[in-house]
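Below is one structure, written out as structure tokens; the observations come after it.
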Amino acid sequence: MSVKPPFYITTAISYPNGVPHMGHAYEAIATDCMARFKRLDGYDVRFLTGTDEHGIKMLQTAQRAGVTTRELLERNVPRFQAMVETFNLSNDDFIRTTEERHRISTQAIWEKMAANGDIYKSTYAGWYSIRDEAYYAESETTLNDAGVRLGPQGTPVEWVEEESYFFRLSAYQDRLLTYYAENPGFIAPDTRRNEVVSFVSGGLQDLSISRTTFDWGIPVPGDPKHIMYVWVDALTNYITALGYPNVDGDFAKYWPADVHVIGKDIIRFHAVYWPAFLWSAGLEAPKRVFGHGFLFNRGEKMSKSVGNVIDPFDLAATYGVDAIRYFFLREVAFGQDGSYSHEAIVNRINADLANDLGNLAQRSLSMISKNLNGLVPTPGPLSPEDEAMLALAGGMLEKSREAMEAQAIHLYLNAVWAVVAEANRYFAAQAPWALRKTDPARMETVLWVTAEVIRQVGIMVQPVMPESAAKLLDLVAIPVAERGFDRLAPAFRLPAGLALPTPVGVFPRYVEPEAAT
RNA sequence: GGCAGCGUAGCUCAGUCGGUGAGAGCGCCGGAUUCAUAACCCGGAGGUCGGUGGUUCAAAUCCACCCGCUGCUACCA
């Protein structure tokens, strides 16, 4: 038995100063799909998600709510964990940056970077709001009529210089550009790489990586009045979860990460700072950083003021978890922005799931049930049409792999649904219901081919819709242990004579609640 | 302003190292069918391929300019 190749994939860690919105769920679903795909394809997958719990904004949110940061976390983090449960994520770990393992890991990487001469103490200067306890860029501030400079929250700001530790990011410009050039797949999609290369080419300044104005964070080793500021803390989560600073065991096995899935807004931190931090600490950079797009409600950005923020739990309850997973992964070209609406979701559910796949299964399996006592038919000689159908299905895995190598989840689903569509054409053209009287043997062959295609589609669709795919595979009586992608090989085709359960609908149509009565 | 990208059927998009009458899905119209979740199948309508000019035997596909849109242009994540 060969050793499974390792595959390490992560989501960004969510900032729990609020509750999860659909954007969080989207990233998690997409990453879960990739993780499941790789597992089914024979990889030893490690899939990480979690929460980023430090920083000034957590502190501010807690203060506004009149609670401690710990209380705020106790309130919000469970919501993110519930999201993970609700959307059926297969993550192997859920990291919280307030955990002790993370403090150890983060202080360790800091010390490595410091030992390498990349951290030095200097002063950080900027427009600071005492009330907000935050620095603002000058562009974020305004001068009011009285000539007082105000921050975005409307609070007065003043020019402050504080002691801060800096990371020598400027020293890594050439190495980064070389890395981008030699690893064109490091930043994806291409448009994001262009932006990053352009940014780094423009020159890099050193980075302020500590603060003394608040204390909600991990203390700097040896200088506890400083806490680490945002990115060293946040990014390090990816190696904490592998046991860093222990570089044996999981770390040795899974690092460097195969894919960091993140939102396009934080591409720079992952594609510029993170490799530099890692190199400074004597570690390898990840293999790929993929920046996905944003979701829009009916084409409009979700915002609290517009009142169109969608609760992912509501969506799951309304349409079903698998349907939502399918909708977002099929409808949105992964990497680009996407739009959703009730109409679009219902359309996908009814057209793709109920009408195409669900109905294909029902119409074919019910014929087997009614005419063949529920036993998988025995195929006779295969006609050119049968061969063509099986050949198309047989090509699904390779096309899907190719798509998923580039995180093109939508293209993988296109490939699968092309098979589903062809299977419906095949079924209609062969008309087994007519063959029932004219050529029962031929009918058996057609039903066998169709059921075999359903088996293959069922296997292929597991990464997107784990629950529904399992039900589909139950209908063709495939044991749980025989649902990996290796089982798509011709040697494992549906065995004649296998007893199938009475078919039941797996993908019900979505009917408007009003019309339901 | 600079850099990058985009603008193709009602909608979302594919196609572009130039070359059979410009495609898919959804939507729409018509037909057929009744195995099936009123689903599936077949056919059809619908496009100055942003605009102008140019290169070429031939351009959605190359070049120039113009119009419109988007992203990036550092320490808010």
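A, B, ... follow the sequence lines: proteins, then strands. Residue 1 opens every chain. None of the values given here were measured: they were computed from a predicted structure.
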Any base atoms under 4.0 Å from A:Tyr229, or only sugar-phosphate, or nothing? Heavy atoms, all strands. sugar-phosphate
Under a 3.5 Å limit for both distances, which nucleotide forms a Watson-Crick or G-U wobble pair with B:rA59, could you say? none
Rounded off to whole Å, could you give me the NE2-to-P distance for the A:His410 and B:rC13 pair? 11 Å
Any luck finding a side-chain donor-acceptor pair between A:Ser364 and A:Thr450 under 3.5 Å? no
Between A:Ala354 and A:Gln205, just flag the one whose closest nucleotide in RNA chain B comes earlier from the 5' side. A:Ala354
Scan A:Lys264 against the nucleic acid and name what it touches under 4.0 Å (heavy atoms): base, sugar-phosphate only, or nothing. nothing
Let's test this: given Watson-Crick or G-U wobble pairing with both distances under 3.5 Å, identify the partner of B:rG43. B:rC29
How far, in whole Å, is B:rG43 from B:rA4 if one measures between their C1' atoms? 44 Å
Applying a 4.0 Å non-hydrogen cut-off, can you work out what A:Leu365 is touching in the nucleic acid: base, sugar-phosphate, or nothing? nothing
Using Watson-Crick geometry (N1-N3 plus N6-O4 or O6-N4) or G-U wobble (N1-O2, O6-N3), each under 3.5 Å, B:rU37 is paired with none
In whole Å, what separates the P atom of B:rG27 from that of B:rA38? 16 Å
If you count every heavy atom of other residues, nucleotides or ligands that lies below 6.0 Å from A:Glu402 atom CD, does the total exceed 12? no
Just to be sure I understand the rule, does A:Ser366 reach a base, reach only the sugar-phosphate, or reach nothing, if contact means heavy atoms closer than 4.0 Å? sugar-phosphate
Any-strand Watson-Crick or G-U partner of B:rA77, both distances under 3.5 Å: none
So what does A:Arg509 hit on the nucleic acid, given a heavy-atom distance under 4.0 Å: a base, only sugar-phosphate, or nothing? base
May I ask you to say what A:Gly293 touches in the nucleic acid, namely base, sugar-phosphate or nothing, with a heavy-atom cut-off under 4.0 Å? nothing
Look at the side chain of A:Asn359 and the base of B:rA36, then say whether one donor and one acceptor between them are separated by less than 3.5 Å. yes
Using a cut-off of 4.0 Å on non-hydrogen atoms, how would the nucleic acid contact of A:Asn414 be classed: base, sugar-phosphate, or nothing? nothing
In Watson-Crick or G-U wobble terms, with both distances under 3.5 Å, the base opposite B:rC6 is B:rG68
A:Tyr238 and A:His270 side chains, donor-acceptor separation under 3.5 Å: yes
Using a 4.0 Å heavy-atom cut-off, does A:Arg192 contact any base of the nucleic acid, only the sugar-phosphate backbone, or nothing at all? sugar-phosphate
What integer number of Å spans the C1' atoms of B:rC41 and B:rU34? 12 Å
Indicate yes or no: at least one non-hydrogen side-chain atom of A:Leu435 is less than 4.5 angstrom from one of A:Pro440. no
Cation-pi, A:Tyr412 ring and A:Lys399 (6.0 angstrom, 45 degrees): no
Would you classify A:Ala351 as touching base, sugar-phosphate or nothing, given that sugar-phosphate means primed atoms plus P, OP1 and OP2, and contacts are heavy atoms under 4.0 Å? nothing
